[in-house]
Student: 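Okay, handing you the structure first.
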Amino acid sequence: MAVLFLLLLLLQISTSTYANIEGDALYALRRSVKDPTNVLQSWDPTLVDPCTWFHVTCDSDNRVTRLDLGNTKLSGNLVPDLGKLERLQYLELYMNNFVGTIPSEFGGLKNLISLDLFHNNLTGFIPPSLSKLSNVRFMRLNHNKLTGRIPRDLTKLPNLKILDVSNNDLCGTFPTWGSFSKLTDESFMNNPRLEGPELMGSVGYDDRDGN
């Protein structure tokens with residue numbers, strides 16, 4: 001009986017620890033943004049469990065799996081802290097006014113299925129770290145102000161079904177192999193400096209800079 005009690009106590013402590021880490025990560029986003037319609041009003045840092053907050057979904061272990069903040073009139077910067085949401089599957093931040101860069105820490109979201117950042121004002125490069133999202137199926141970054149080249153390692157994403165980087169300011173060419181082989185030109189359209197498809201085996205490519 002004592003062993004069972006100890007295991008239950010350890011489980012409770014572990015769950016509480018994760019809740020604090022994930023709650024802190026989410027609250028970092030709240031501090032970073034302007035919220036004119038108070039959609040984040042329920043995000044109270046004094047509540048240990050962020051699973052009670054609106055627009056947040058958790059699994060049976062009280063770990064955050066969804067963040068649904070699409071079209072909520074938020075503005076400001078994305079925060080690297082969101083990369084701590086280890087079980088996050090859906091990151092829905094589309095149709096807002098987020099600015100600045102996409103944090104490279106998002107590449108640590110190993111369970112992510114959907115990354116929807118379209119229709120914002122994000123700038124900078126597409127982080128090569130997004131190539132670590134081995135479970136991602138949908139990556140929609142269209143209608144932003146992203147620059148630079150498309151990281152070639154994104155072609156290694158085994159489960160990628162939809163990629164949309166249209167309506168940005170990307171440059172160079174786009175790959176046509178790996179997971180990109182099933183994509184159409186519409187995924188890349190309206191990037192004035194993007195020259196067209198690149199065939200595998202052509203001139204080597206450097207992802208490190210984007211100008």
Student: Of D35, L40, V39, which is the lone residue that meets side chain to side chain contact (heavy atoms under 4.5 Å, CB included) with R30?
Tutor: L40
Student: Would you say the side-chain atoms of D59 pair up with the backbone N or O of N62, donor to acceptor, closer than 3.5 Å?
Tutor: yes
Student: As a test of understanding, state which of T123, L122, D169, T101 forms a side chain to side chain contact (heavy atoms under 4.5 Å, CB included) with L146.
Tutor: L122
Student: Does atom CZ (R66) have a neighbourhood of more than 12 heavy atoms from anything else shown, all under 6.0 Å?
Tutor: yes
Student: Does W43 reach the main-chain N or O of F54 with its side chain, forming a donor-acceptor pair under 3.5 Å?
Tutor: yes
Student: Closest approach of V136 and L115, non-hydrogen atoms and distance?
Tutor: CG2-N, 4.4 Å
Student: Going from CZ on R193 to CG on N191, what distance comes out if it is rounded to the nearest 0.5 angstrom?
Tutor: 9.5 Å
Student: Roughly how far, to the nearest 0.5 Å, is CG of L141 from NE2 of H119?
Tutor: 12.0 Å
Student: Before giving the answer on side-chain hydrogen bond (donor to acceptor under 3.5 Å, both in side chains), spell out for Q89 and S114 the whole-Å C-alpha distance, their side-chain angles and the decisive distance to 0.1 Å.
Tutor: CA-CA 6 Å; Q89 296 179 347; S114 179; over 6 Å; no
Student: Donor-acceptor check, side chain of T65 to backbone of T57, threshold 3.5 angstrom: yes or no?
Tutor: yes
Student: Looking at L154, is its backbone amide N or carbonyl O close enough to the side chain of S179 to form a donor-acceptor pair, meaning the two atoms are under 3.5 Å apart?
Tutor: yes
Student: Please confirm whether the backbone N or O of E198 pairs with a side-chain atom of T176, one donor and one acceptor, at under 3.5 Å?
Tutor: yes
Student: Decide yes or no on side-chain hydrogen bond (donor to acceptor under 3.5 Å, both in side chains) for N120 and N144, but give the supporting numbers first.
Tutor: CA-CA 5 Å; N120 280 287; N144 279 289; 4.7 Å; no
